[in-house]
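All remarks here apply to the structure that follows.
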Amino acid sequence: MLCLGIETSCDETGVALVNASGLVAERLASQADIHSLFGGVVPELACREHLRVLPVLFADLLERSGASARDIDVVAVARGPGLLGSLLVGISFAKGLCLATQARLVGVNHLWAHLLAPGLEEEIAFPSLGLLVSGGHTHLSLMRSAVDFELLGRTLDDAAGEAFDKAAKKMNFPYPGGRFLDELGREADPDPSMFPRAYVDNDNLDFSFSGLKTALAQHVDRQGGLVPSVMGQVASLAPERRAHLARVCASFALAVADTLLIKTDRALDRVGGVRSLVVAGGVAANSTVRQAMTGLARRRGLHLVLPRPELCTDNAAMVAHAGMLTAQQGLFHGLDLEAVPRGRIVPPDWKRAG
Ligand code: KG4
Ligand code: ZN
């Protein structure tokens, strides 16, 4: 079975081909440079860019893989949650391709695709606890199988990646700044008392990161001249300023990682009997988060599944893989597949193949 994956839910345009043995080829185009000028993703620009780039990437993917459009058995497309206009570009393209080639259509939950992504390279033992930490979401899910997820907890305000990006913006790093904050933070030891572990003194599995962002903003405002005056120019800072800023970054990352750790540990107590822990999404690329989760899994004697950093951020290989797993269960969508915007639950509305 050859499955094409299409990803256009936010600001990355991606296409990938997978077969039963794994990834065949992929192409990814980032719009980060366009949106960084505005300090965040501009939805109208994002969908215009997807429209411009997607057909070119698809043609290039076919050329590189030596496949023709008619070889594709299944077209898997990220159908949400995401930016509505952006999702519609990918979904329309997918439907058109299915009409032209008779391929079957599968609409993929972008969040599930993140958590299933590492399965491209190693088997995920189910049931598994999934922690998804991305720019738009922070979800703890019980994954019973590739098509049976139960949401256990979520952020009540900012997502973990959003917290990193807002903190990075305050420090005048380019958008999305999580990666820059991570890199600078590696130059220093964290101060565990610099920032609070918010919303942990309760008995639930939800998260809140907006207070942490405020604490960071207050810290930066108190220290005049701490951040570079030109965006991203950390090299222009005096050595002691740079060291202080690095310590702020390391301490912020530790506060996020500790918070994720506390709730993930609690979720493991609640669900009991899971065979693995999957940590995925853009923030799973963060070195402090990776370290914290590695320690937790070791303490718990659990198999930790951590995708390599390129599989953590948005890509089409994860969509193709999730679509392949869904198709293998005989579950598909019709051409009436709908996009699901951010903030709405993606329904498991596949139809079983007759
Ligand atoms: O999963 P993703 O690519 O896109 C969404 O679906 O949101 O995640 C993007 C998020 C951004 O907030 C970005 O700053 C964050 O992941 N991110 C990181 C790192 N790499 C990406 N945050 C902290 N440390 C990193 N190394
Ligand atoms: Zn994502």
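Read the numbers this way: they start at 1 and go in the same order the structure lists the ligands and their atoms.
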The Zn ion (ligand 2): which protein N, O or S atoms are under 2.8 Å away? His110 NE2, His114 NE2, Asp314 OD1

Is the distance between the ring centroids of Trp350 and Phe332 under 6.0 Å? no

I need the nearest protein heavy-atom contact for atom 11 (C) of ligand 1: residue, atom name and distance, please. Asp165 OD2, 3.4 Å

Assess Cys10 for proximity to ligand 1: is some non-hydrogen atom of it under 4.0 Å away? no

Who's the nearest protein heavy-atom neighbour of atom 2 (P) of ligand 1, and how far? Asp314 OD1, 3.5 Å

Check: Ser276/Ser128 side-chain N/O donor and acceptor closer than 3.5 Å: yes

Considering only heavy atoms, which of Gly282, Pro309, Gly178 lies nearest to atom 20 (N) of ligand 1? Gly282

Taking atom types as modelled and ignoring hydrogens, do the side chains of His303 and Glu122 form a donor-acceptor contact shorter than 3.5 angstrom? yes

Would you kindly specify which portion of Asn286 sits under 4.0 Å from ligand 1, judged on non-hydrogen atoms: side chain, backbone, both or neither? both

Exercise: do Asn202 and Arg266 side chains pair donor with acceptor under 3.5 Å: yes

Quick note on ligand 1: atoms under 4.0 Å from a heavy atom of His114 include exactly 1 (O), 6 (O)

Could you tell me, atom by atom, which parts of ligand 1 come under 4.0 Å of a heavy atom of Asp182? 24 (N), 25 (C), 26 (N)

Do Ser208 and Asp157 pair up side chain to side chain, a donor and an acceptor below 3.5 Å, judged on atom types alone? yes

N/O separation below 3.5 Å, Thr313 to ligand 1: no

Are a donor atom and an acceptor atom from the side chains of His110 and Asp314 found within less than 3.5 Å of each other? yes

Check each heavy atom of His137 against ligand 1 and say whether those closer than 4.0 Å belong to the side chain, the backbone, both or neither. neither

Hey, could you give me the CG/CG distance between Leu45 and Leu83, rounded to the nearest 0.5 Å? 11.5 Å

Taking the six-membered ring where the residue is Trp, are the ring centres of Tyr175 and Phe38 under 6.0 Å apart? no

Is the closest side-chain donor-acceptor distance between Ser251 and Asp191 under 3.5 Å? no

Considering Gly136, Gly135, Ala280, Ala168 one by one, which has a heavy atom nearer to atom 9 (C) of ligand 1 than any of the others? Gly135

Under 4.0 Å to a heavy atom of His110 - the qualifying atoms of ligand 1, by number: 6 (O)

Under 4.0 Å to a heavy atom of Gly161 - the qualifying atoms of ligand 1, by number: 12 (O)

Assert yes or no for the condition that the ring centre distance of Phe209 to Tyr199 is strictly below 6.0 Å. no

His139 ring center within less than 6.0 Å of His114 ring center: no

Flag for Ser9-Glu7: side-chain donor and acceptor within less than 3.5 Å: yes

